[in-house]
Amino acid sequence: MTNTHYSLGVDIGTGSARVGVFDDRGSLMGEAKAPIAIHRPLEHHVEQSTTDIWRAICDATRRAVAEADIDPVQVKGMSVSATCSLVLLDRERQPLVLSPGDERWNIVVWMDHRATEEAAICTATGAAPLSNLGGVMSPEMQMPKLMWLKRNRPELYGSIGYAGDLGDWLGYHCTGVDRRSVCTLACKWTFDPRPDRGWDREFLAQIDMEDVLERAALTDRAAAVGEPLGKLNETAAAELGLTTDCLFAVGMIDAYAGAMGTLGRSLDEHSAHRLAVIAGTSTCHIGAQPERREVPGVWGPYPDALCNGFVANEGGQSLTGALLDHIVALFSAGSEFGDDPHGALAELLLTRLTEGDPAPGLHVRPDFIGNRSPLADPDIRGAIVGLTLESPRETLIKVYWATATALVYGTRAIVERMNANGYAIDTLHLSGGHNRSPLLRKLYADGTGCRVILSEAPEPVLLGAAVAAMASRRDGDLLAVARELAPSEGVIEPDPTTRELHERRYAAFRDLFGGRLD
């Protein structure tokens, strides 16, 4: 039926661009993804290319619409969720190249940690914006990255004509309208969206970045998530295979899209009991309630970053699914578990778990590239403790188990820190790649002691982005859209028979941090 309208959710992840076509009830009608290239020119340097990403988005959009078997004219809205990576353009708004190569590398990726020293300088100021960041600036945020460019690549910094989050860049690229999302500005740029706040120019002077607002083309107004940005320009519409009747709505960071796709329908006055856990390559933990809560070591509070009327706090683990991939690759026995080693290991460990702890003396500190929350220490490194001389296969099985439990205990530590500072979390809303693992689903319940809500939406991050697109046609009311979505939910309750096992393992996990989690 050509009078039926559809919305696109575009998700720009670390390794791929994905596009989902949704009807107005939130049912996924078609989906496609395309790979994104990653460039690592130096240690701690991670770069991508807007040229490559745009090519991937166009490819995935055309295939998703074809899979949905709809006329492109029926696509009336789209929005984006994206990693918090930093896009650089020159004064002509062309890619400002960081490193030589065919792909014109002009993006500093979220996981790039070149700006660790600059982040420490920001933290040492003790300035007001730090109260919205858990007290510590992260090298994954945009001000330290731009500081690094100014201090280490001054000629490149002087050529900047635009610097913005990846999701904001896509909206600009598609419409020609440069408007920044409150989600990106509040969460990654030290912008305070509360009335009469905005940019803290005294802080910018302290870090020698007074010129960044003009150079990066930043404004004094943040746009609400779901706010109409504009219709697709002719070039973007043609390359995407859509029409200029498609309205682009202001989007959000990918973790917040995942939170909206899973937690949005449950946001109310009791939301302090709920935490969205968006777990994939990395993991984000997003709680939201009407009241402002400052949580040491946890980012936020961010007013309106998720939706109007709620203040969000965001914990995180920089390396989770990627760490499990690394563990499999690290051991020679990884090849023995076939094309789906995570599935095979999960099945084996669930069987062993019926007989007790699969690796009682083996423990992992999972922060191989630093701890984002609750310690906010980028210098912490990983550890594997308790190895014995066994077969490579048996060692991999046990280390994999210890790593999986450690990742869940990291979530538990974040929950405990948030609950000590104004939350009362007893329910996790799980989405992302970890939701597809039966082992991790069980561990999130048993290892934290929380109920786990499993959204049956096949792609909650894409759905969250599509909610923003739908909201643009409903006065920007994201919650009204989210509460009418079709996907149902499942529930996993903690297994009391495993409680003693996890209490022992969690105590050992805490010991690996030398009392810093107390």
Side-chain angles (χ1 to χ4, degrees), residues 8-20 31-64 80-90 93-115 139-140 142 145-146 148-149 153 156 159-160 162-174 184 188 235-236 239-241 251 253-255 257 280-282 318-326 328-329 339 368-369 432-433 459 461-462 465:
L8 297 187
V10 178
D11 176 53
I12 311 173
T14 305
S16 66
R18 302 182 302 143
V19 176
E31 177 196 1
K33 72 176 182 178
I36 294 172
I38 296 177
H39 181 54
R40 300 176 186 269
L42 296 167
E43 186 179 11
H44 305 308
H45 291 223
V46 189
E47 299 169 357
Q48 291 183 319
S49 161
T50 52
T51 304
D52 176 59
I53 286 174
W54 177 244
R55 185 167 55 236
I57 291 169
C58 291
D59 176 37
T61 298
R62 288 176 175 273
R63 289 190 289 111
V80 60
S81 71
T83 65
C84 52
S85 299
L86 177 66
V87 172
L88 301 173
L89 305 180
D90 63 21
R93 301 298 174 96
Q94 296 301 309
L96 183 59
V97 177
L98 288 158
S99 301
D102 294 339
E103 292 297 350
R104 305 179 74 189
W105 309 106
N106 68 313
I107 300 174
V108 185
V109 179
W110 66 269
M111 67 172 67
D112 184 294
H113 275 205
R114 72 181 70 183
E140 296 177 10
Q142 311 302 17
K145 287 181 165 70
L146 288 165
W148 186 94
L149 289 171
R153 301 281 300 275
L156 188 145
S159 300
I160 293 174
Y162 172 100
D165 259 68
L166 185 52
D168 289 332
W169 164 81
L170 182 62
Y172 171 63
H173 185 76
C174 286
T184 58
K188 303 301 174 186
T235 300
E239 293 178 357
L240 289 165
I253 296 167
D254 51 0
T281 301
S282 60
S318 296
L319 202 66
T320 55
L323 180 57
L324 292 172
D325 289 339
H326 179 69
V328 172
D339 294 334
F368 281 38
I369 59 170
E459 294 292 348
V461 175
L462 290 175

Practice task
To the nearest 0.5 Å, tell me how far Ser16 OG sits from Lys33 NZ.
Solution key: 5.0 Å

Exercise for the section: State which residues pass side chain to side chain donor-acceptor pair (under 3.5 Å) with Arg153; sequence neighbours excluded, sorted by chain then number. Expected result: Glu155

Handout entry: Straight-line distance of Thr51 OG1 to Ile107 CD1, nearest 0.5 Å
Key = 8.5 Å

Practice task
I would like to know whether Arg62 and Leu240 meet side chain to side chain contact (heavy atoms under 4.5 Å, CB included); could you show each step before the answer?
Solution key: CA-CA 6 Å; Arg62 288 176 175 273; Leu240 289 165; over 6 Å; no

Completion exercise
Between Ala56 and Pro35 the two heavy atoms that sit nearest each other are CB-O, 3.7 Å

Practice task
List for me each residue that meets salt bridge (charged side-chain N to carboxylate O under 4.0 Å, His left out) alongside Glu103, sequence neighbours excluded, and say none if there are none.
Solution key: Arg55

Handout entry: Residues which pass side chain to side chain donor-acceptor pair (under 3.5 Å) with Glu31, listed by chain and number, not counting sequence neighbours
Key = none

Exercise for the section: Can you sort out the partners of His44 under ring pair (Phe, Tyr, Trp, His ring centres under 6.0 Å), two or more places apart, ordered by chain and number? Expected result: none

Practice task
Quick one: list whatever passes salt bridge (charged side-chain N to carboxylate O under 4.0 Å, His left out) with Arg104, sequence neighbours left out.
Solution key: none

Handout entry: Closest approach of Val97 to Ser99 (non-hydrogen atoms, all atoms of both residues)
Key = CG1-O, 3.0 Å

Fill in the blank from the handout: Here the gap from Tyr162 atom OH to Trp169 atom CH2, rounded to the nearest 0.5 Å, amounts to 9.0 Å

Practice task
Heavy atoms only: give me the nearest Gly167-Val80 pair and the separation to one decimal.
Solution key: O-CG1, 3.6 Å

Practice task
Would you confirm whether Asp52, through its side chain, and Ile36, through its main-chain N or O, come within 3.5 Å as a donor-acceptor pair?
Solution key: no

Practice task
First locate atom CG of Leu98, then atom CG of Leu149, and finally report the distance between them rounded to the nearest 0.5 Å.
Solution key: 6.5 Å

Completion exercise
To the nearest 0.5 Å, atom OG of Ser81 lies from atom CG of Leu166 at 9.5 Å

Exercise for the section: Without swapping roles, check the side chain of Lys145 against the backbone of Ala115 for a donor-acceptor pair under 3.5 Å. Expected result: no

Exercise for the section: Write down the atom of Ala163, the atom of Leu88, and the distance for their closest heavy-atom approach. Expected result: CB-CD2, 4.0 Å

Fill in the blank from the handout: Residue set satisfying side chain to side chain contact (heavy atoms under 4.5 Å, CB included) with Ala64, at least two apart, ordered chain then number -> Val19, Val21, Ala32

Problem - Residues in ring pair (Phe, Tyr, Trp, His ring centres under 6.0 Å) contact with Trp105, at least two apart in sequence or another chain - result: His39

Practice task
Identify the two heavy atoms, one from Leu462 and one from Gly9, that lie closest to each other, and give their separation to 0.1 Å.
Solution key: CD2-O, 3.3 Å

Fill in the blank from the handout: Asp11 meets the salt bridge (charged side-chain N to carboxylate O under 4.0 Å, His left out) criterion, sequence neighbours left out, with Arg18

Exercise for the section: Verify the distance criterion only: is there a donor paired with an acceptor across the side chains of Trp110 and Thr14 at less than 3.5 Å? Expected result: yes

Handout entry: Partner residues of Asp90 under the side chain to side chain contact (heavy atoms under 4.5 Å, CB included) criterion, sequence neighbours left out
Key = Glu92, Gln94, Leu96

Exercise for the section: Answer whether the closest heavy-atom distance between the side chains of Val109 and Ile38 falls below 4.5 Å. Expected result: no

Problem - Set of residues satisfying side chain to side chain donor-acceptor pair (under 3.5 Å) with respect to Glu140, sequence neighbours excluded - result: His113, Ser318, Arg372

Fill in the blank from the handout: Here the pair of heavy atoms bringing Cys84 nearest to Asp165 is CA-OD2, 3.3 Å

Problem - side chain to side chain contact (heavy atoms under 4.5 Å, CB included) between Asn106 and Leu89, intermediate numbers included - result: CA-CA 7 Å; Asn106 68 313; Leu89 305 180; 3.9 Å; yes

Practice task
Report the C-alpha separation of Ile12 and Asp254 in whole Å, then their side-chain angles, then the decisive distance to 0.1 Å, and conclude whether the side chain to side chain contact (heavy atoms under 4.5 Å, CB included) test is met.
Solution key: CA-CA 8 Å; Ile12 311 173; Asp254 51 0; over 6 Å; no

Handout entry: side chain to side chain donor-acceptor pair (under 3.5 Å) against Thr83, all qualifying residues, sequence neighbours excluded
Key = Ser85

Exercise for the section: Look up atom CD in Gln48 and atom CG in Asp112, then write down how far apart they are to the nearest 0.5 Å. Expected result: 10.5 Å

Problem - Pairs meeting criterion salt bridge (charged side-chain N to carboxylate O under 4.0 Å, His left out) with involvement of residues 35-47, two or more places apart - result: Glu47-Arg114

